[in-house]
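Take a look at the structure set out below.
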Amino acid sequence: MKLTLKGIGLLFLLVSLSCNNEVELNAPAKNILIVYGVLNPDATEQYIRISKVFTTETNAINYASTQDVSLNSSQVQVYLNGLTLRDTVLTRSSGTFTAGMRVFKITDAELDIVPGSRYQLQVNYLEDPGASVSAYTTVPFRPAVIQPITPTYTQGGLNMRNYPLEIEKSFKLYIRKSQYAKGYEVRMTLNFFENGVPRAETWFANSSNYSICTADANSQCFDLKNGIGYAFFKGKMSYSPFPNYYTIIDTPQIVQQPEVARLNRSFRVHVTAVDTFLQTYMDAASANTSSLSTSFLEYSNIKGGLGILGSYSEGEAFYDLSPCSMYLLGLNNTPRPATACKSPN
């Protein structure tokens, strides 16, 4: 994947605040709606933003920094699978653009977003019915991590523990492909304590630190390069000018088979399956080298308008860190293992 979901916020900004300073003076006026929405089955609320292409004789960035160009319920009616979405204002951190952002929302109590299901969006523009738009997305099924296998079983399958992952080494991660997905994103999250204060850090895989390896038709393999994840987490831990103390919750290591929820959850691998429309949109955005002052081609699946309606779903697997990984990261004062153990650096 060329652009991680972490970067979708920037795309949200660009699409929602699309503008055009090149105006054909003799062309008839035309209303064009812009839609941005990404459905997530794990979210308790789904948000859709609706705005309109605008032109301004002044600097477009300055205009957008003082104006919320999104539309409200007095201007548009928004439906998802026939259910009405309500408009609300989200507050975000102040920056180049306005902190208040108007969106339409629906809760999971009203409409449950289910992997494998199709969702149809309809936006009726009350001032100009001819400018109304529609779109759909089918939420990918959750991807599953199939190798390394976790948890592992001991003593005839009665006891189990998480697989001890050596993140300072290269390893191959195999996932079962998700129906309705075009692309995948891999992340690793470590939950730990710095001097007793909880922290969490997430490493995002990208094309510079993994390669696609051979897999069968139903699975995909990511070859994670030597120690790149370990180097990221190590870089987040400071041992100077004073020795910070780093710990993770590391027990229980072995449980009875029905007690899988008690296994350690300090380290996890997430896999995100991205639907065809959103992945194509992100690929197109990644290929553009233009700035806000120039124009570029943009992919859209909004019928009659611009923007994107996409979806994604996530799967996860929990692992233990190997004794060598624990030692190299300085977690829990783990002693150096008797077996060979060295940093990839």
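In this structure, Ser238 and Asn244 approach most closely via the heavy-atom pair O-ND2, 3.0 Å. Between Leu39 and Ile48, the closest heavy-atom pair is CD2-CD1, 4.4 Å. Between Leu165 and Ser325, the shortest heavy-atom contact is O-OG, 3.5 Å. In this structure, Gly310 and Leu278 approach most closely via the heavy-atom pair CA-CB, 4.0 Å. Between Tyr125 and Ser132, the shortest heavy-atom distance links the atoms N-OG, 3.0 Å. Here the shortest heavy-atom pairing between Pro143 and Tyr184 reads CB-CE2, 4.4 Å.
With rounding to the nearest 0.5 Å, the separation of OH in Tyr230 from CH2 in Trp203 is 15.0 Å. Between the OH atom of Tyr299 and the OG1 atom of Thr280 there is a distance of 5.0 Å, given to the nearest 0.5 Å. Rounded to the nearest 0.5 angstrom, Leu85 CG and Thr107 OG1 are separated by 9.5 Å. Here the CD1-CG distance, from Ile113 to Asp42, works out to 11.5 Å after rounding to the nearest 0.5 Å. Once rounded to the nearest 0.5 Å, the distance linking CG of Asn81 with CD of Gln120 reads 7.5 Å. Interatomic distance, CD1 of Ile248 versus CE of Met326, reported as 4.0 Å (0.5 Å rounding).
For the pair Arg265 and Phe318, the cation sits on the ring face: its NZ or CZ lies under 6.0 Å from the ring centre, inside 45° of the axis.
Applying the side-chain hydrogen bond (donor to acceptor under 3.5 Å, both in side chains) definition to pairs two or more places apart or across chains, none involves residues 170-180.
The shortest side-chain heavy-atom distance between Leu329 and Tyr246 does not fall under the 4.5 Å cut-off. You'll find the side chain of Leu224 reaches within 4.5 Å of the side chain of Met188, heavy atoms only. At least one side-chain heavy atom of Pro148 sits under 4.5 Å from a side-chain heavy atom of Leu173. Between Lys236 and Leu190, every side-chain heavy-atom pair lies at or beyond the 4.5 Å cut-off. Within the 4.5 Å cutoff, the side chain of Phe222 has heavy atoms near those of the Gln220 side chain. Taking 4.5 Å as the limit, every side-chain heavy atom of Phe233 sits out of range of all side-chain heavy atoms of Leu321. Using a 4.5 Å heavy-atom cutoff, the side chains of Tyr79 and Thr84 are in contact. In this structure, Tyr245 and Asn333 have side chains that are in contact, with non-hydrogen atoms separated by less than 4.5 Å.
Taking the six-membered ring wherever Trp is involved, the centroid distance between the rings of Phe277 and Tyr136 falls below 6.0 Å.
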(request) Under the side chain to side chain contact (heavy atoms under 4.5 Å, CB included) rule, what do Ile167 and Tyr319 come out as? Steps first, then yes or no, please. (result) CA-CA 10 Å; Ile167 63 170; Tyr319 294 90; over 6 Å; no

(request) Test side chain to side chain contact (heavy atoms under 4.5 Å, CB included) on Tyr210 and Asp223 and set out the steps. (result) CA-CA 5 Å; Tyr210 77 82; Asp223 190 352; 5.9 Å; no

(request) Give the C-alpha distance, both sets of side-chain angles, the deciding distance and a yes or no for side chain to side chain contact (heavy atoms under 4.5 Å, CB included) between Glu194 and Met237. (result) CA-CA 8 Å; Glu194 182 181 61; Met237 299 177 182; over 6 Å; no

(request) Decide side chain to side chain contact (heavy atoms under 4.5 Å, CB included) for Met282 and Ile308; before the verdict, give the C-alpha distance in whole Å, the side-chain angles of both, and the deciding distance to 0.1 Å. (result) CA-CA 10 Å; Met282 292 192 293; Ile308 186 70; over 6 Å; no

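Residues passing the side chain to side chain donor-acceptor pair (under 3.5 Å) test with Asn264 are Ser266, Asp320, sequence neighbours excluded.
No side-chain donor-acceptor contact under 3.5 Å links Thr276 to the backbone of Lys182. Proximity of a side-chain donor or acceptor of Arg336 to a complementary backbone N or O of Cys341 within less than 3.5 Å is detected. Side-chain atoms of Thr189 never come within 3.5 Å of backbone atoms of Arg268 as a donor-acceptor pair (strictly under, hydrogens ignored). Between the side chain of Ser313 and the backbone N or O of Phe141 there is at least one donor-acceptor pair closer than 3.5 Å.
Following chains of ILVMFWY side-chain contacts shorter than 4.5 Å, one can reach Val114 starting from Leu83, so the two form part of one hydrophobic cluster. Residues Phe193 and Leu328 do not share a hydrophobic cluster, clusters being chains of Ile/Leu/Val/Met/Phe/Trp/Tyr side chains in contact below 4.5 Å. Using a 4.5 Å cut-off between side-chain heavy atoms of Ile, Leu, Val, Met, Phe, Trp and Tyr, with links allowed through other members, Phe267 and Val255 fall into different hydrophobic clusters. Under a hydrophobic-cluster definition in which Ile, Leu, Val, Met, Phe, Trp and Tyr are linked whenever side-chain heavy atoms come within less than 4.5 Å, directly or via other members, Val269 and Ile146 are assigned to different clusters. Val78 and Leu111 fall within the same hydrophobic cluster, defined by Ile, Leu, Val, Met, Phe, Trp and Tyr side-chain heavy atoms under 4.5 Å apart, directly or through other members.
Using a 3.5 Å distance cut-off with no hydrogens or angles, the side chains of Ser51 and Ser70 do not pair a donor with an acceptor. Using a 3.5 Å distance cut-off with no hydrogens or angles, the side chains of Asn159 and Gln256 do pair a donor with an acceptor.
Enclosure of atom CD1 in Ile212 by more than 12 non-hydrogen atoms of other residues, nucleotides or ligands within 6.0 angstrom is indicated. Summarising the local packing, CD1 of Ile149 is surrounded by 12 or fewer heavy atoms from other residues, nucleotides or ligands at distances under 6.0 Å.
For the side-chain contact (heavy atoms from CB on, under 4.5 Å) with Ser311, the lone residue among Val139, Thr138, Val38, Asn40 that qualifies is Val139.
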